[in-house]
Amino acid sequence: MATRDRRHVATGTHRRRQRRCRHLSVVGSVDRTDRGVRRRLPGQLDQLSPPAGVFPRSTDGGPGCQPRLTGPGDGDSWRPEGSGTGPGCQPQLTGAGRKISWRPEGLGTGPVCQSRCRGAPTAWTPAGSLGRTMNAPRFRIAPSPTGFFHVGGARTALYNWALAKRLGGTFVLRIEDTDAERNRPEWNQGIIDALAWIGIHADDPTFEGPYFQSSYAEQHVAEARRLFDTGAAYYCDMTPDDIQARAKAEGVTGYGGWSRDRGLGPAAGRVLRFRVPPGATVVRDLVRGDVTFDNATIEDFVLLRGNGSPMFLLANVVDDMSMRISHVIRAEEHLPNTPKQQMLWEALGHEPPVWAHVPLLVNEQRKKISKRRDKVALESYRDEGYLAEAMINYLMTLGWSPGEQEIQPWSAMQDTFALEDVAKSPAFFDLKKLAAFNGEYIRAMTPEQFVAAAEPWVAQWREAHPGHVWNQVWFLAMAPFVQQRATVLSEAPGVVDFLMLAEPQFDEPSLAKAWATDDAAEVLAETIAAFERCDWTRDAMKEAFDPIADAHGMKPGKAQAPIRVAITGRTVGPPLYEAMELLGRDETLRRLRSIPGSVHTG
RNA sequence: GCCCCCAUCGUCUAGUGGCCUAGGACACCACCCUUUCAAGGUGGCGGCACGGGUUCGAAUCCCGUUGGGGGUGCCA
C-alpha cells in the first residue's frame with residue numbers, strides 16, 4: 001500500500017512536469033537547461049560571473065543611493081524578532097499556535113528533485129545567446145519610486161526572490177525613476193527598506209543593485225539610434241492632436257502608421273516610432289502558456305519622445321538586456337506590453353527573456369488595488385504591526401498554494417515555489433485573512449519575542465502618556481494573554497495599559513454595564529471585604545470571589561462586571577486575577593473603592 | 001471600439017479524465033471550554049458561471065455564450 005502510494009505521487013509529479021512542458025511547447029530545452037541550472041546549484045554559486053559591468057552599482061548618487069541595511073538602525077527595529085535577519089527567520093514556534101507546528105530542521109529533507117525541479121523555470125536555449133546560457137538565471141523587479149511600496153510589488157518581489165535564491169540566481173533591483181514627476185531621491189531608500197522588511201536584503205549575495213534607470217538614458221537613446229539606423233524605427237512629426245484629428249477625419253482609431261514611409265530624419269519635436277513588423281508575436285509565458293498577438297493590432301509605438309528622451313518600453317527593454325535579465329516575472333497588467341517588448345528584444349538582436357505574468361491583486365470590487373482606493377502601502381502594514389513573516393506568508397499564498405499547510409516558513413516556500421503552479425486568476429487582497437495569519441504568527445512567538453516585537457508601539461504609548469510608567473516586567477507577565485487578543489502589534493499596549501495608568505480610563509457604556517445588575521454594589525462591597533484578607537494569588541482570589549457570585553445567583557463572569565470595570569475601566573480585557581496579582585492588593589482595593597458611579601444609577 | 005487575460009464555496013485555494021459524495025484555510029453560524037473578551041476544541045452552512053460537444057466516464061479536454069478584469073499615452 002505504502003509503496004503504491006509513493007509511486008503514485010512520483011508519477012503525478014512527473015506527469016505534471018510533462019504536461020507543463022508540452023503546454024508551453026518548449027519540451028526539450030526546458031528539461032535540459034533546467035537540469036543544468038540545478039546541477040550547478042550546490043557548489044558553484046560563488047563562481048557566477050559578475051554582471052556585464054555596464055551597470056556599476058550606484059553608490060555615487062544622491063542620498064538614496066546607499067543601501068543602509070545592515071546596522072542595528074531603525075530598519076532593523078522593525079524586525080519583530082529582533083535578532084533574526086533575513087527570510088526564514090521565524091518565531092520560535094514554541095508557542096501554543098497549532099497551525100504553526102513545523103519543525104525547522106525537518107524542512108527540505110524531502111526528495112530534492114521533487115521540489116526543486118518543478119520550480120526551475122525555462123532558461124536560455126543553448127543556441128545563439130552569447131554565453132548567457134552558462135549563467136545562472138537573473139531575475140529583477142523594477143519599481144518606480146512613488147513614495148511607498150505597493151503590496152502587489154512586494155508579492156512580485158517575493159516570487160522573484162524565491163526563485164533567485166533557490167536557483168542560485170541573482171535578484172536585480174532596478175528603480176525606474178525616469179518619470180521626473182515621480183522621482184524623489186528619498187523614496188529610493190523607502191524601496192530598500194520595504195524590501196528589507198520582507199526579507200530581501202541588499203547585502204545578500206543574491207541581491208544586486210539598486211540600479212537607477214535614469215542613469216542609463218544615454219544608452220537607451222543609443223539603442224534607439226541603432227533601431228533607426230537599421231530601419232526598425234522611424235521618425236514621426238505627428239503630435240497627439242494631429243493623430244486625433246486625422247483619426248477623426250478618416251473615421252479610424254489610433255495613429256495608423258502615417259509616417260512609416262515618409263523617410264523623416266531626426267528633428268526637434270519628432271518622435272521615434274518602432275516599425276511593428278507584419279505577422280504575429282507569440283509570448284511564451286510560464287504562467288499563461290503561449291499568448292499570440294496579431295501584430296496588425298499593435299500600433300507603431302513611441303521609443304523616443306519629441307524632446308529626445310526615452311520612453312518606458314525602450315528603457316525597460318534596454319536595461320533588461322544590459323543587465324542580462326533572463327526571467328521577467330511581473331504583474332499581469334504588463335502582459336499587453338510584452339509583445340512590444342519582445343519585438344524590441346528581437347530587433348535589437350537578442351533572445352527575449354522568459355516571461356511570467358502573475359495575477360493581479362484586486363479589491364472587493366475585483367479591480368486592481370490602487371493607491372487611490374485601497375490600502376496598498378506595504379509600509380502601512382508594517383507600521384500597524386503586521387509581522388513581516390505573516391505578510392510574507394500571506395502574500396505568497398495570493399495566487400499560489402504552498403500545499404496542505406498554508407502557514408509556512410519562508411524557507412519552505414522558497415523551496416517549493418514554482419511559477420508553473422501560480423494561478424491565473426486575480427486574487428482578492430483579504431485583510432481579514434491577513435489578520436488571521438498575523439494572529440497565528442503573534443501567538444507562535446515566545447513572550448520575550450512578542451514583547452521585543454511590540455516595543456515600537458510601546459514606545460509610542462510612552463510618548464503619548466507622559467508621566468505614566470510602562471512596567472515592562474508586567475507587560476512580559478501578561479504577554480501570553482495579550483498575544484491571544486491582538487491581531488496586530490499596534491493593539492498590544494492597549495490590552496494591558498490599564499495596569500500602567502495611574503487611573504483606568506472609564507467610559508460611560510462600561511460603567512453602565514458595571515452597574516447594570518441590582519446586586520452590583522453589594523457584590524463590590526463583598527469582594528472588597530474578601531480581597532482584604534485572602535491570599536494575594538490568582539487562585540485565592542478566584543476562590544474568594546466565586547462564592548460571592550454564587551450567593552447572588554450569578555455566573556462569575558457576570559458578577560465580575562463591576563470588579564472588571566473598576567480595575568480596567570472596560571468590560572473586556574485580559575484575565576482579571578492575573579492582572580490584579582500584578583497590581584497588588586493596595587492598588588486593587590483602591591481601584592475597587594474608587595469606581596465612579598453611573599449616571600444611570602445616580 | 002480594438003487587443004489580451006481570467007472563471008471551483010462569500011474569499012484564498014487543492015484538483016492535471018475514473019481516487020470527487022469536490023479537499024483545506026479565512027470569514028460566518030452553532031455548541032463545548034470559560035473569569036469578560038479572546039484563544040482553543042467539535043460540528044455546520046456554502047462552490048465547479050451557462051450551453052453545446054469529445055469520452056464508457058468531464059471540475060478537468062474542445063467550441064460557444066455570459067460575466068469579470070487588464071491594456072490600449074510623447075506615464076512607469
Side-chain angles (χ1 to χ4, degrees), chain A residues 8 12 15-16 18-20 23 96-99 142-144 146 176-179 181-182 213 236 238-240 253-254 269-273 283 285 288 291-294 296-299 301-307 309 311-313 315-316 331-339 357 359-360 362 364-368 394 397-407 423-430 432-437 439 443 480-487 495 513 538 541-542 545-546 549 555-561 563-565 568 570-578:
Chain A
H8 192 78
R15 202 186 302 132
R16 170 186 276 196
Q18 281 193 324
R19 182 178 165 277
R20 294 290 175 186
H23 181 49
R98 288 183 77 255
K99 291 175 183 163
S144 44
T146 52
E176 305 215 323
D177 57 348
T178 49
D179 182 356
E181 285 179 29
R182 299 196 236 168
Q213 186 162 70
C236 171
M238 288 182 78
T239 64
T253 54
R270 291 183 184 170
V271 299
L272 184 70
R273 287 184 182 273
V283 171
D285 189 294
R288 281 151 214 288
V291 184
T292 305
F293 296 83
D294 180 354
T297 65
I298 301 173
E299 293 266 51
F301 50 95
V302 174
L303 263 18
L304 255 28
R305 299 186 182 91
N307 66 8
S309 63
M311 289 280 292
F312 155 72
L313 234 35
N316 189 268
E332 195 201 334
E333 56 191 313
H334 291 287
L335 185 54
N337 279 331
T338 310
H357 290 90
L360 251 21
V362 298
E364 45 279 271
Q365 280 87 241
R366 314 266 349 146
K367 302 210 186 296
K368 72 172 178 179
Y394 177 63
T397 67
L398 256 23
W400 176 72
S401 168
E404 275 298 297
Q405 178 55 269
E406 64 181 0
I407 301 276
K424 298 187 189 73
S425 37
F428 173 54
F429 188 79
D430 187 352
K432 281 190 173 173
K433 189 148 184 179
L434 206 214
F437 270 51
R443 274 170 256 128
F481 305 123
V482 182
Q483 286 172 265
Q484 281 179 357
R485 285 162 182 77
T487 55
V495 178
K513 196 165 180 192
R538 59 190 73 176
M541 282 181 256
K542 180 173 168 52
F545 184 80
D546 282 352
K555 290 221 167 189
K558 191 175 183 190
Q560 193 191 52
I563 317 299
R564 176 169 290 281
V565 174
T568 72
R570 288 167 242 145
T571 56
V572 300
L576 245 201
Y577 305 128
E578 286 76 357

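Worth saying up front: this structure is predicted, and the values here are computed from it rather than measured. A, B, ... follow the sequence lines: proteins, then strands. Residue 1 opens every chain.
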Which one, B:C4, B:C74, B:A38, comes nearest to the side chain of A:Gln484? B:A38

To check you understand the geometry: which heavy-atom pair defines the closest contact between A:Pro556 and A:Ala549, and what is its length? CA-CB, 3.9 Å

Under 4.0 Å, counting only non-hydrogen atoms across every strand here, what does A:Met238 touch: a base, just sugar-phosphate, or nothing? base

Counting N and O atoms only, with roles assigned by atom type, does the side chain of A:Tyr394 sit under 3.5 Å from a partner on the main chain of A:Ala435, one being a donor and the other an acceptor? no

When you match A:Leu434 and A:Gly306 each to their closest nucleotide on RNA chain B, which lands nearer the 5' end? A:Leu434

What does the list of N/O pairs under 3.5 Å between the protein and nucleotides 30-32 of chain B look like, with a distance for each?
none

Out of B:G40, B:U35, B:G24, which has the shortest distance to the side chain of A:Arg443? B:G40

Determine the contact category for A:Gly439: base if any of its heavy atoms lies under 4.0 Å from a base atom, sugar-phosphate if only primed atoms, P, OP1 or OP2 are that close, otherwise nothing. nothing

Candidate nucleotides B:U13, B:A27, B:U35, ranked by approach to the side chain of A:Ala427 - the nearest: B:U13

A:Ser309 near the nucleic acid: base, sugar-phosphate alone, or nothing, with a heavy-atom cut-off under 4.0 Å? nothing

Can you check the distance between B:G44 and B:A49, where both ends of the measurement are the P atom (answer in whole Å)? 25 Å

Give A:His334 one of three labels, base, sugar-phosphate or nothing, depending on what nucleic acid heavy atoms sit under 4.0 Å from its own. base

Which residues satisfy the side-chain contact (heavy atoms from CB on, under 4.5 Å) test with A:Glu404, sequence neighbours excluded? none

Using the P atom in both, what is the distance from B:C29 to B:G70, to the nearest Å? 32 Å

Is there a donor N/O on one and an acceptor N/O on the other, under 3.5 Å, for the side chain of A:Lys433 and the base of B:A25? yes

A:Glu333 or A:Ser425, whichever maps to the more 5' nucleotide of RNA chain B: A:Ser425

A:Leu398 and A:Phe428 have their tightest heavy-atom pair at CD1-O, 4.0 Å

A:Lys368 NZ to B:C6 P, in whole Å, measures 18 Å

Any base atoms under 4.0 Å from A:Phe545, or only sugar-phosphate, or nothing? Heavy atoms, all strands. nothing

Measure the distance from CD on A:Glu332 to C1' on B:U72 and round it to the nearest whole Å. 15 Å

Can you name the salt bridge (Lys or Arg N to Asp or Glu O under 4.0 Å) partners of A:Arg570, sequence neighbours left out? A:Asp497

For the side chain of A:Met311, starting at C-beta, report the closest nucleotide among B:C3, B:A76, B:U36. B:A76

B:G10 OP1/OP2 closer than 4.0 Å to side-chain N/O of A:Arg366: no

With A:Arg366, which residues qualify under side-chain hydrogen bond (donor to acceptor under 3.5 Å, both in side chains), at least two apart? none

What is the nucleic acid contact for A:Lys367, judged by heavy atoms within less than 4.0 Å: base, sugar-phosphate only, or nothing? sugar-phosphate

Give A:Pro426 one of three labels, base, sugar-phosphate or nothing, depending on what nucleic acid heavy atoms sit under 4.0 Å from its own. sugar-phosphate

Base partner of B:C28, which must satisfy Watson-Crick or wobble distances under 3.5 Å: B:G44

Can you name the side-chain hydrogen bond (donor to acceptor under 3.5 Å, both in side chains) partners of A:Glu299, sequence neighbours left out? none

Please name all residues satisfying side-chain hydrogen bond (donor to acceptor under 3.5 Å, both in side chains) with A:Thr338, sequence neighbours left out, ordered by chain then number. A:Arg330, A:His357

Picking from B:C4, B:C74, B:G1, the nucleotide nearest the side-chain atoms of A:Thr253 would be B:G1

Could you let me know what B:C33 is paired to, Watson-Crick or G-U wobble, both distances under 3.5 Å, or none if it's on its own? none

Write down the distance between CD1 (A:Ile298) and P (B:G73), rounded to a whole number of angstrom. 13 Å

Tell me, do A:Leu313 and A:Leu303 make a side-chain contact under 4.5 Å, heavy atoms counted? no

Should B:G17 form a Watson-Crick or G-U wobble pair with both distances under 3.5 Å, which nucleotide is its partner? none

Under 4.0 angstrom, heavy atoms only, what part of the nucleic acid is A:Pro575 near: base, sugar-phosphate, or nothing? base

When you measure from the side chain of A:Thr568 to the backbone N and O of A:Arg564, does any donor-acceptor pair fall under 3.5 Å? yes

Quick one: is A:Arg485 getting a side-chain N or O under 4.0 Å of the B:G40 phosphate, OP1 or OP2? no

So A:Lys558, base contact, sugar-phosphate only, or nothing? Heavy-atom distance under 4.0 Å. nothing

Rounded to the nearest Å, what distance is computed from the CG atom of residue A:Asp294 to the C1' atom of nucleotide B:C3? 9 Å

P atoms of B:U66 and B:G23, separation to the nearest Å: 33 Å

B:A7 -> Watson-Crick or G-U wobble partner, both distances under 3.5 Å, gives B:U66

A:Ser401 near the nucleic acid: base, sugar-phosphate alone, or nothing, with a heavy-atom cut-off under 4.0 Å? sugar-phosphate

Under 4.0 Å between a side-chain nitrogen and a carboxylate oxygen: does that hold for A:Glu332 and A:Lys368? no

Please report, rounded to the nearest Å, how far the P atom of B:C74 is from the CG atom of A:Leu304. 13 Å

Taking atom C1' in both B:G17 and B:A58, what distance in whole Å separates the two? 6 Å

Expressed as a whole number of angstroms, how long is the span from A:Arg564:CZ to B:U36:C1'? 4 Å

Closest approach of A:Gln213 to A:Asn316 (non-hydrogen atoms, all atoms of both residues): NE2-N, 3.6 Å

Hey, does A:Asn337 reach any base, or is it just sugar-phosphate, or nothing, if we go heavy atoms under 4.0 Å? base

A:Lys542 has a side chain; which of B:A76, B:U36, B:U35 sits nearest to it? B:U35

Please give, in whole Å, the distance from B:A14 C1' to A:Lys424 NZ? 14 Å

Heavy atoms only, 4.0 Å cut-off, all strands: where does A:Val271 land among base, sugar-phosphate and nothing? base

Could you tell me the Watson-Crick or G-U partner of B:C2, where both distances fall under 3.5 Å? Say none if there is no partner. B:G71

Among the candidates B:U11, B:G70, B:C74, find the nucleotide nearest to the side-chain atoms of A:Pro336. B:G70

Nearest listed nucleotide, side chain of A:Glu176, among B:C3, B:G70, B:A76: B:A76

Using the C1' atom on both, measure B:A7 against B:G51 and round to a whole Å. 15 Å

What about A:Arg288: does its side chain form a donor-acceptor pair under 3.5 Å with the base of B:C5? no

With a 4.0 Å cut-off on heavy atoms, is A:Leu576 in touch with a base, just the backbone sugar-phosphate, or nothing at all? base

Rounding to an integer number of Å, can you tell me how far A:Arg273 CZ sits from B:C74 P? 6 Å

Whole-angstrom distance between B:G15 and B:U60, as gauged at atom C1': 8 Å

Please report the distance separating the C1' of B:A59 from the corresponding atom of B:U21, rounded so that it comes out in whole Å. 14 Å

For A:Gln483, answer base if it contacts any base atom (sugar-phosphate contacts may also be present), sugar-phosphate if it contacts only those atoms, and nothing otherwise; contact means non-hydrogen atoms under 4.0 Å. nothing

